[in-house]
Amino acid sequence: MKISKRLENVATLIDNDSSIIDVGCDHALLDIYLALNKNIKKIIASDNKKGPLLKAKENISFYNLENVIKTKLGDGLDTIEYDIDTIVITGMGGNNIINILEKGNLSNINSLILSPQSEIPEVRKYLMNKNYIIEKELIVKDKKKYYFIIKFIKGNISYNEKELLFGPYLLKNRNDIFYEYLNEEIVKMNSVLRKVPDNKDIIKYIEMIDEIKKY
Ligand SMILES: C[S@@+](CC[C@H](N)C(=O)[O-])C[C@H]1O[C@@H](n2cnc3c(N)ncnc32)[C@H](O)[C@@H]1O
C-alpha cells in the first residue's frame with residue numbers, strides 16, 4: 001500500500017517490537033502500513049470522533065487486519081492499555097498534543113513519535129521537562145509543506161533556546177530541506193518585519209537563523 005511521504009517518514013521512527021497507540025489515527029493508514037511493513041507487537045488506532053474511527057475500521061477491514069489493529073474511540077490517552085510503550089501523535093497542533101500528554105500517564109512510555117503542526121518548540125520543551133530527549137528528528141517536505149517528525153526517548157538534558165526553536169538533532173544533522181526551511185522562514189519573517197519593523201523577537205529570530213546558516 002502507498003501512504004504519504006510524511007507518514008512513511010513517521011513509520012521509519014517507530015521501532016520494531018514496540019507496542020503503540022496512534023492517537024488521532026483518523027483513516028488509520030499509518031497503522032495499516034506499520035502492520036504490513038514492520039514487526040510491531042501491538043497497535044491501537046484511537047480517535048475521539050466516530051466518523052474517522054469508522055473510516056479507520058473500513059480501511060483496516062479492507063486489508064483484513066482486524067486481528068492485528070485494535071480500534072478504540074476515546075479522548076487522547078484515555079484509550080491506552082498498560083502494555084503500550086510508544087505513543088504516536090501526528091497531524092495535530094502542538095498545544096493539542098501537549099494537552100493530551102498532560103492528561104495521560106507517561107510512566108510506561110519509552111518513546112513518543114510526534115509530528116506537531118504548530119507550537120513545535122513548545123512540544124520539544126514540554127517533553128524535555130518531562131525527562132525525554134530527542135533521539136532523532138526529521139524535517140520532511142510533502143506537497144510544498146514542511147513537517148517535523150520527532151522521536152523522544154527517556155533521558156535528561158537541557159536544550160538551549162536555539163535548540164528548542166530549531167531542533168537539536170536537526171541543527172547537528174542538517175540537510176538541504178532544513179536549509180530551505182530556514183531560508184523560507186527568513187523570507188516570511190522579513191515580510192512580517194515590514195509591517196512591524198521593531199518587533200524585537202522577530203529580529204532576534206532572524207539573527208539566530210543567520211547565525212545557524214554561517215556555521
Ligand atoms: C488531521 S487528523 C491527523 C490524522 C493522522 N494522525 C495523520 O497524521 O494523518 C487529526 C485527527 O485527530 C483526531 N483528534 C483530535 N483531537 C483528538 C483527541 N483529543 N483525542 C483523540 N483524537 C483526536 C481527529 O478526530 C482527527 O481524526
Side-chain angles (χ1 to χ4, degrees), residues 1-15 18-38 40 42-63 65-66 68-106 108-109 111-120 122-124 126-127 130 134 136-152 167 170 177 181:
M1 75 172 300
K2 188 89 188 108
I3 53 172
S4 66
K5 186 173 166 187
R6 172 181 66 89
L7 288 178
E8 225 170 54
N9 275 275
V10 171
T12 65
L13 294 189
I14 300 173
D15 291 335
S18 57
S19 294
I20 73 157
I21 181 165
D22 178 14
V23 177
C25 66
D26 199 352
H27 34 63
L29 292 181
L30 172 68
D31 308 298
I32 294 167
Y33 179 88
L34 289 170
L36 295 175
N37 294 286
K38 293 192 89 153
I40 308 295
K42 174 170 179 170
I43 305 176
I44 299 176
S46 173
D47 207 286
N48 67 349
K49 290 178 200 75
K50 284 186 183 155
L53 208 66
L54 198 65
K55 188 79 210 152
K57 282 183 181 167
E58 280 170 16
N59 288 338
I60 291 166
S61 120
F62 179 82
Y63 285 95
L65 290 169
E66 295 97 326
V68 182
I69 304 170
K70 194 167 177 179
T71 53
K72 288 183 113 183
L73 179 69
D75 182 45
L77 289 168
D78 288 356
T79 51
I80 202 166
E81 294 180 5
Y82 73 97
D83 52 354
I84 293 298
D85 55 32
T86 302
I87 293 172
V88 180
I89 313 180
T90 65
M92 265 190 225
N95 283 337
N96 199 12
I97 293 179
I98 291 172
N99 284 337
I100 288 172
L101 298 177
E102 187 61 20
K103 281 193 267 166
N105 176 0
L106 300 186
N108 288 340
I109 301 303
S111 66
L112 300 101
I113 288 83
L114 307 178
S115 184
Q117 291 190 328
S118 56
E119 296 93 30
I120 300 161
E122 287 80 354
V123 172
R124 293 190 188 106
Y126 176 81
L127 280 155
K130 292 278 172 194
I134 294 175
K136 196 164 180 185
E137 179 163 350
L138 305 172
I139 178 167
V140 174
K141 195 174 181 188
D142 194 1
K143 297 191 186 110
K144 297 189 181 160
K145 260 189 85 175
Y146 295 97
Y147 296 96
F148 294 82
I149 307 164
I150 314 169
K151 178 176 183 182
F152 295 91
L170 292 177
I177 302 293
Y181 167 77

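None of the values given here were measured: they were computed from a predicted structure. Whatever order the structure lists ligands and atoms in, that order sets their numbers, starting from 1.
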**OP:** List the closest protein heavy-atom neighbour of atom 2 (S) of ligand 1: residue, atom name, distance to the nearest 0.1 Å.
**Re:** Asp26 OD2, 3.7 Å

Subject >> For atom 19 (N) of ligand 1, the protein heavy atom that lies nearest, with its residue and separation >> reply: Asp75 OD1, 2.8 Å

Original post:
With a 4.5 Å limit on heavy-atom distance, are the side chains of Gln117 and Asn96 in contact?
Top reply: no

Original post:
Which of the atoms of ligand 1 are close to Pro52, meaning less than 4.0 Å from one of its heavy atoms?
Top reply: 27 (O)

Original post:
Side chains of Asp78 and Asn48: closer than 4.5 Å at any heavy-atom pair?
Top reply: no

Original post:
With backbone taken as N, CA, C and O and side chain as the heavy atoms from C-beta onward, which portion of Ile100 lies under 4.0 Å from ligand 1: side chain, backbone, both, or neither?
Top reply: side chain

Subject >> Check: Ile80 and Ile44 side chains under 4.5 Å, non-hydrogen atoms >> reply: no

**OP:** Among all protein heavy atoms, pick the one closest to atom 26 (C) of ligand 1 and tell me residue, atom and distance.
**Re:** Asp47 OD2, 3.6 Å

**OP:** Considering only non-hydrogen protein atoms, determine which one is nearest to atom 21 (C) of ligand 1 and report residue, atom name and distance to 0.1 Å.
**Re:** Asn48 N, 3.4 Å

Original post:
Applying a strict 4.0 Å limit to heavy atoms, is Arg6 in contact with ligand 1?
Top reply: yes

Original post:
Got the closest protein heavy atom to atom 1 (C) of ligand 1, with its distance?
Top reply: Gly91 O, 3.3 Å

**OP:** Provide the number and element of each atom of ligand 1 under 4.0 Å from a heavy atom of Gly76.
**Re:** 18 (C), 19 (N), 20 (N), 21 (C)

**OP:** Using a strict 4.0 Å cut-off to heavy atoms of Asn96, name the atoms of ligand 1 that fall inside it.
**Re:** 15 (C), 16 (N)

Original post:
Can you list the ligand 1 atoms lying under 4.0 Å from a non-hydrogen atom of His27?
Top reply: 9 (O)

Original post:
Are side-chain heavy atoms of Lys130 and Glu102 found at a separation under 4.5 Å?
Top reply: yes

Original post:
Less than 4.5 Å apart, any side-chain heavy atom of Asp75 and any of Lys103?
Top reply: yes

Subject >> Beyond-backbone contact of Ile97 with Leu101, side-chain heavy atoms, under 4.5 angstrom >> reply: yes

**OP:** Would you mind running through ligand 1 and noting each atom that sits below 4.0 Å from a heavy atom of Thr90?
**Re:** 3 (C), 5 (C), 6 (N), 7 (C), 8 (O)

**OP:** Would you check if Ile3 and Val10 make a side-chain contact, meaning some heavy-atom pair closer than 4.5 Å?
**Re:** no

Original post:
Around atom NZ of Lys38, are there more than 12 heavy atoms of other residues, nucleotides or ligands at under 6.0 Å?
Top reply: yes

Subject >> Closest to atom 12 (O) of ligand 1 among Ala56, Gly24, Ser4, Ser115 (heavy-atom distance) >> reply: Gly24

Original post:
Taking the side chain as C-beta and beyond, is there a heavy-atom pair between Ile149 and Thr12 under 4.5 Å?
Top reply: no

